[in-house]
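The structure appears below as structure tokens.
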Amino acid sequence: MLDPNLDEIQLLPEEYARYSRHLILPEVGLDGQKRLKAASVLCVGTGGLGSPLLLYLAAAGIGRIGIVDFDVVDHSNLQRQVIHGTSWVGKPKIESAKNRIHEINPYCQVDLYETALSSANALDIIRPYDIVVDGTDNFPTRYLVNDACVLLDKPNVYGSIFRFEGQATVFNYQGGPNYRDLYPEPPPPGMVPSCAEGGVLGILPGIIGVIQATETVKIILGQGTTLSGRLVLYNALEMKFRELKLRPNPVRPVIEKLIDYEQFCGIPQAKAAEAEQQSMLAEMTVTELKQLIDSGADDFVLIDVRNPNEYDIAKIPGAILIPLPDIEQGKGIEQVKAALNGHRLIAHCKMGSRSAKALAILKEAGIEGTNVKGGIQAWSREVDPSVLEY
């Protein structure tokens with residue numbers, strides 16, 4: 001309802017006081033605040049991006065907010081997902097978000113969808129809303145959100161974050177470009193690390209999420225110039241914003257229906273390849289590694305392929321740090337050869353995937369090894385709880 005009948009919308013006396021700073025803005029005023037109350041916005045995800053944008057959309061007076069998420073709050077979320085609190089750890093994120101939204105604005109209707117957005121449900125979930133805000137962190141869901149918005153002709157307010165950098169724009173608005181104009185094809189699986197692997201500055205999603213909230217409000221108000229056709233790039237370390245122009249691709253494929261986005265992004269193929277790769281590697285459990293260490297055996301070398309900053313947080317006693325990037329670049333291979341000196345190789349990382357990748361590279365160089373299943377995370381949970389989890 002981006003063009004509502006304003007005569008049918010009334011603010012309560014309490015809302016006049018709540019939105020007084022909006023009401024005195026000529027660009028908002030009473031009509032604008034009524035537009036915000038009449039609007040409906042769907043947020044996909046209540047993580048780093050969804051947290052700040054939901055807080056500000058609720059505070060701005062959006063009348064109806066939908067939230068799609070199926071995750072629970074984890075301690076590791078609290079560094080950046082500011083809509084959640086410690087008391088909500090282990091509980092559904094959508095319930096945590098609803099509770100916080102109603103603390104901010106009890107006049108906001110909140111619809112919850114505790115499910116993964118999929119090709120089977122996306123059109124039905126998105127259809128009732130005026131605007132979709134993409135707060136997701138994976139490529140299959142981004143393509144799904146984009147294509148559903150194209151099919152339903154909904155604006156898609158986009159943002160993404162990684163380490164110290166973020167980007168934001170508005171897709172599928174007033175004839176502007178959509179996500180496929182920016183990324184016609186998804187990157188190979190694993191090429192772009194997740195925040196769990198690469199990390200993210202906790203403040204960064206606050207900046208990008210607030211930009212998304214700002215664009216959403218501008219679209220509803222019909223004020224200002226949106227980011228449609230422009231991609232904003234933000235570097236927190238340099239405190240610099242850059243802008244790139246985006247244009248619709250005249251030869252882009254026509255989106256006619258939703259597809260299997262996991263397949264489109266190569267996820268099943270990558271998982272199958274990874275499983276095949278791991279099946280060709282020898283593996284041991286952390287319990288078996290502990291027994292080997294306790295036995296006093298000195299015929300093996302334990303290599304830790306995590307990054308140095310991870311090694312500083314927690315380590316398995318006796319492990320030698322040789323980071324995966326060094327192995328990928330070649331110099332680490334020589335370090336491994338020197339460390340082995342005729343002994344057998346055992347490798348670990350945080351959860352087991354990076355060490356498997358390192359061992360595959362080493363195998364091509366003629367060095368066989370054994371992978372520790374579950375990595376140091378499993379060691380912390382199953383062997384030594386004093387080793388910190390991160």
Side-chain angles (χ1 to χ4, degrees), residues 1-47 49-69 81-85 87-88 92-114 125-135 154-157 159 168 170 173 205-227:
M1 194 187 296
L2 291 178
D3 189 20
N5 184 345
L6 299 182
D7 292 335
E8 297 179 354
I9 303 161
Q10 300 299 321
L11 300 185
L12 299 172
E14 296 87 349
E15 291 179 291
Y16 280 89
R18 175 180 291 271
Y19 306 127
S20 63
R21 300 306 187 271
H22 271 178
L23 297 176
I24 61 177
L25 283 171
E27 294 82 1
V28 182
L30 181 57
D31 283 356
Q33 196 61 52
K34 287 183 176 182
R35 288 181 180 277
L36 293 172
K37 186 171 184 176
S40 58
V41 177
L42 180 71
C43 178
V44 185
T46 55
L49 293 171
S51 289
L53 72 87
L54 282 169
L55 293 174
Y56 277 101
L57 291 179
I62 301 299
R64 181 185 179 192
I65 294 176
I67 307 173
V68 185
D69 205 313
Q81 299 180 16
V82 293
I83 203 168
H84 309 300
S87 64
W88 283 90
K93 285 184 176 180
I94 56 172
E95 295 290 349
S96 169
K98 180 178 180 178
N99 178 77
R100 185 72 182 100
I101 286 171
H102 280 162
E103 281 290 315
I104 294 171
N105 190 345
Y107 304 106
C108 179
Q109 175 184 330
V110 182
D111 306 329
L112 302 182
Y113 304 91
E114 191 173 5
I125 291 176
I126 291 173
R127 186 175 285 109
Y129 296 90
D130 299 322
I131 300 171
V132 178
V133 188
D134 185 352
K154 307 285 185 180
N156 173 15
V157 184
V170 174
Y173 182 57
I207 303 294
I208 302 302
V210 168
I211 291 175
Q212 289 178 278
T214 304
E215 292 301 292
T216 302
V217 168
K218 284 161 55 183
I219 292 171
I220 294 167
L221 294 176
Q223 294 287 344
T225 303
T226 72
L227 284 175

Under the side chain to side chain contact (heavy atoms under 4.5 Å, CB included) test, which residues partner P155, sequence neighbours left out? I131, Y173, I219

If you measure from CG on L23 to CG on L11, what distance do you get to the nearest 0.5 Å? 6.5 Å

Could you state the interatomic distance from CG (D111) to OH (Y129), rounded to the nearest 0.5 Å? 3.5 Å

Please name all residues satisfying side chain to side chain contact (heavy atoms under 4.5 Å, CB included) with K93, sequence neighbours left out, ordered by chain then number. T46, D69, D71, V73, N77, Q81, H84

Residue pair Y16 / Q33, side-chain heavy-atom distance below 4.5 Å: no

Give the intermediate values and the outcome of side chain to side chain contact (heavy atoms under 4.5 Å, CB included) for residues Y19 and V28. CA-CA 10 Å; Y19 306 127; V28 182; over 6 Å; no

In chain order, what residues pass the side chain to side chain contact (heavy atoms under 4.5 Å, CB included) check against D31, with sequence neighbours excluded? L6

If you define the side chain from C-beta out and look only at heavy atoms, does anything of Y56 sit under 4.5 Å from T214? no

Contact between E27 and L221 at the side-chain level, heavy atoms closer than 4.5 Å - yes or no? no

Please check: side-chain N/O of Q223 versus main-chain N/O of I220, any donor-acceptor pairing under 3.5 Å? no

Can you list the steps and then say if L57 with I65 is a side chain to side chain contact (heavy atoms under 4.5 Å, CB included)? CA-CA 8 Å; L57 291 179; I65 294 176; 4.1 Å; yes

Heavy atoms of I9 and A38 approach each other most closely as CD1-CB, 3.3 Å

Mind running side chain to side chain contact (heavy atoms under 4.5 Å, CB included) on I83 and W88 for me, showing each step along the way? CA-CA 10 Å; I83 203 168; W88 283 90; over 6 Å; no

Closest heavy-atom pair, I67 versus A97, reported as atoms and distance to 0.1 Å, is CD1-CB, 3.9 Å

Taking side chain to side chain donor-acceptor pair (under 3.5 Å) as the definition, give me every residue that meets it alongside E15, ordered by chain and number, with sequence neighbours left out. K37

Do L36 and H22 have side chains that approach each other closer than 4.5 Å (heavy atoms only, starting at C-beta)? yes

Salt bridge (charged side-chain N to carboxylate O under 4.0 Å, His left out) involving K154 - partner list, sequence neighbours excluded: none

Any non-hydrogen side-chain atom of V41 less than 4.5 Å from a side-chain atom of V157? no

Determine, stepwise, if the pair D3 / R35 fulfils side chain to side chain contact (heavy atoms under 4.5 Å, CB included). CA-CA 8 Å; D3 189 20; R35 288 181 180 277; 4.1 Å; yes

E215 side chain to L227 backbone, donor-acceptor under 3.5 Å: yes

If you round to the nearest 0.5 Å, how far is CZ of R100 from CD of E95? 16.0 Å

Do you know the tightest heavy-atom contact between L49 and G159? CD1-O, 3.3 Å

What's the shortest heavy-atom distance between G209 and P52, and which atoms? CA-CG, 4.0 Å

For a 4.5 angstrom cut-off between non-hydrogen side-chain atoms, does L112 reach E114? no

Donor-acceptor contact below 3.5 Å, side chain S51 vs main chain G47: yes

Just jot down the salt bridge (charged side-chain N to carboxylate O under 4.0 Å, His left out) partners of R18, sequence neighbours excluded, or say none. none

Rounded to the nearest 0.5 Å, the NZ atom of K34 sits from the CG atom of N5 at a distance of 9.5 Å

Separation between SG of C43 and CD1 of I62, rounded to the nearest 0.5 Å: 12.0 Å

Side chain of E103, backbone of K98: donor and acceptor closer than 3.5 Å? no

First locate atom CD1 of I101, then atom CG of L54, and finally report the distance between them rounded to the nearest 0.5 Å. 4.5 Å

